[in-house]
Amino acid sequence: QVQLVESGGGLVQPGDSLLLSCLASETISGTYSMGWFRQAPGRERELVAADSWVGSGTYYSQAVKGRFTISRDNAKNTVYLQMNSLKPEDTAVYYCAARSHPGNAYARGEYDYWGQGTQVTVSS
């Protein structure tokens with residue numbers, strides 16, 4: 001089974017940018033659909049971005065649309081989440097997830113593999 005390791009989190013100020021990376025232990029090209037979730041204290045884990053989305057190619061939640069971009073480098077088995085114009089409400093633990101089944105999936109339970117998470121804190 002694939003193992004996922006996130007990196008790139010940290011403490012930033014409002015308006016700053018961060019690039020999160022998710023390194024997979026095996027090839028993801030043609031095998032996995034990838035997503036980024038986040039979980040803030042006291043809140044449910046929510047999908048913020050996904051690729052391989054039927055219809056549009058990518059999915060973004062309303063909260064991050066226009067500010068976050070998901071991409072992947074299949075040669076490096078790596079998925080990225082570029083986060084721009086960060087806001088305090090973006091503060092959360094961000095998780096990379098993979099699913100081996102086709103189709104669009106919003107729910108946590110629809111993803112098969114998870115990373116350990118990386119903390120993003122946006123504060124002045």
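All values below were derived from every heavy atom in this structure, side-chain atoms included, with hydrogens, water molecules and symmetry-related copies excluded.
The list of ring pair (Phe, Tyr, Trp, His ring centres under 6.0 Å) pairs with a residue in residues 37-62, not counting sequence neighbours, reads Phe37-Tyr111, Phe37-Trp114, Trp53-Tyr59, Trp53-Tyr106, Tyr59-Tyr106.
No donor-acceptor pair closer than 3.5 Å links the side chain of Ser17 to the backbone N or O of Asn84. Without hydrogens or angle criteria, Asp112 side chain to Ser100 main chain gives a donor-acceptor distance under 3.5 Å. Between the side chain of Arg99 and the backbone N or O of His101 there is at least one donor-acceptor pair closer than 3.5 Å. The backbone N or O of Gly117 lies less than 3.5 Å from a partner atom in the side chain of Glu6, making a donor-acceptor pair.
Linking ILVMFWY residues whenever their side-chain heavy atoms come closer than 4.5 Å, directly or via other members, leaves Val120 and Tyr80 in distinct clusters. Linking ILVMFWY side-chain heavy atoms closer than 4.5 Å, directly or via other members, places Tyr95 and Leu20 in two distinct hydrophobic clusters.
Not counting sequence neighbours, the partners of Asp90 by the salt bridge (charged side-chain N to carboxylate O under 4.0 Å, His left out) test are Arg38, Arg67. By the salt bridge (charged side-chain N to carboxylate O under 4.0 Å, His left out) test, Glu110 is found to be paired with no residue, residues two or more places apart in sequence or in another chain being considered.
Between Thr58 and Asp51, the side chains place no donor N or O within less than 3.5 Å of an acceptor N or O (distance only, hydrogens not considered). Using a 3.5 Å distance cut-off with no hydrogens or angles, the side chains of Gln119 and Thr121 do pair a donor with an acceptor.
Using a 4.5 Å heavy-atom threshold, the side chains of Trp36 and Cys22 count as touching.
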